[in-house]
Every structure is written in structure tokens, then in C-alpha cells.
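Atom set for the values below is all heavy atoms of this structure, side chains included, hydrogens, waters and symmetry mates excluded. Here the structure is a predicted model, which is why all the values come from computation and not from measurement.
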Amino acid sequence: MCLGIAGQVIEILPQSTDLARVNVFGAERMINVGLVEKDRLAPGEWVLIHVGFAIAKMTEAEAKASIEFLEIMGEAFTNEITPAKANNPMVAETAVPPRLKQAS
């Protein structure tokens, strides 16, 4: 299974039209947009990102649904790992990704 994450285009870099700066869950990332070049991306638009490459253009509604789904998955993971940590001291603290530690 592959995971794609929604990101909102901040800017297409003028020095390389294959690169864009995007906002992903509040963090800025540089990604390659060469695979969606035909879509002529503009700031404010959304893309589906997989391993640093934009693989599809998304509508804002699709992006928001995707983000909501990933947040729910994160909550489910936190809700599952917290009791496991309490019941099993062998479960390492590093089992919880840093982004999810804040929520627990």
C-alpha cells in the first residue's frame, strides 16, 4: 500500500519549473511537480504527493477529505498505542511518531 499526502502549492520555483514549495500539514516542503506539468499548477492549488513527487492535482474538497482521513488514522493509532504502552513496558516510546506524541 502506498500513501499519498495532500499539499497546497505555495509557489512554483522560478529557477526550475519542475520544483514547487508546498504546505503539507503546516510544514513547507520542496517537491517535484514534473509529473503533473500538464496541469499548469498555480499557488493555492492542491496536489497529491508521494515520496516527494506530485502525482495528481486535487480539488480543495478532495484535499480536505484526505487530510481529515489521515488525522483520524493518527488519532486511531494514538488511541491504540497509549493503552499498549501502559500495559507493556516493552513498547518503546519511539513507537509513537513525534507528531502524534503532541496529541496524546
Side-chain angles (χ1 to χ4, degrees):
M1 181 172 89
C2 297
L3 179 64
I5 298 176
Q8 188 173 30
V9 177
I10 298 169
E11 73 172 326
I12 305 298
L13 298 184
Q15 63 269 31
S16 175
T17 57
D18 281 354
L19 295 177
R21 194 163 50 97
V22 298
N23 179 323
V24 179
F25 284 97
E28 289 187 13
R29 302 279 187 243
M30 300 294 283
I31 65 165
N32 186 301
V33 293
L35 295 172
V36 293
E37 181 178 33
K38 66 178 175 19
D39 292 321
R40 299 189 186 276
L41 297 172
E45 294 185 309
W46 291 86
V47 291
L48 182 63
I49 305 164
H50 178 65
V51 294
F53 290 85
I55 58 173
K57 186 174 174 180
M58 306 174 78
T59 66
E60 184 174 0
E62 291 170 329
K64 289 185 179 195
S66 171
I67 290 167
E68 184 179 313
F69 177 74
L70 289 173
E71 288 174 342
I72 290 168
M73 284 179 49
E75 290 171 14
F77 176 79
T78 300
N79 293 341
E80 185 173 318
I81 198 70
T82 300
K85 285 175 28 182
N87 296 328
N88 185 352
M90 299 300 288
V91 175
E93 180 64 23
T94 57
V96 180
R99 177 170 163 25
L100 297 179
K101 285 182 186 178
Q102 297 169 2
S104 58

(request) Provide the full list of salt bridge (Lys or Arg N to Asp or Glu O under 4.0 Å) pairs with a residue in residues 39-62, sequence neighbours left out, each pair given once. (result) Glu45-Lys57, Glu60-Lys64
(message) The criterion is side chain to side chain contact (heavy atoms under 4.5 Å, CB included); which residues satisfy it with Ile67, sequence neighbours excluded?
(response) Ala6, Phe25, Trp46, Glu71
(message) Holding to side chain to side chain contact (heavy atoms under 4.5 Å, CB included), I want the full list of residues that pass it with Ser16, two or more places apart in sequence or in another chain.
(response) Asp18, Leu19
(message) Treating His50 as the side-chain partner and Ile5 as the backbone partner, does any N or O pair qualify as donor plus acceptor under 3.5 Å?
(response) no
(message) Looking at every non-hydrogen atom in both residues, tell me the closest pair between Val33 and Ala54 and how far apart they are.
(response) CG1-CB, 4.0 Å
(request) Check Gly7 against Val24 and note the closest heavy-atom contact, atom names and distance. (result) CA-CG2, 4.1 Å
(request) Could you list the residues that satisfy salt bridge (charged side-chain N to carboxylate O under 4.0 Å, His left out) with Glu37, not counting sequence neighbours? (result) none
(request) State which residues pass salt bridge (charged side-chain N to carboxylate O under 4.0 Å, His left out) with Arg21; sequence neighbours excluded, sorted by chain then number. (result) Glu11, Glu28
Given side chains that start at C-beta, do those of [X] and [Y] come closer than 4.5 Å, heavy atoms only?
| X | Y | value |
| --- | --- | --- |
| Val22 | Ile10 | no |
| Arg29 | Ile49 | no |
| Val36 | Leu48 | no |

(request) For the pair Val47 and Ile31, evaluate side chain to side chain contact (heavy atoms under 4.5 Å, CB included) and give the outcome as yes or no after the intermediate values. (result) CA-CA 10 Å; Val47 291; Ile31 65 165; 3.9 Å; yes
(request) Calculate, to the nearest 0.5 Å, the distance between atoms CD1 and CG belonging to Ile55 and Leu35 respectively. (result) 8.5 Å
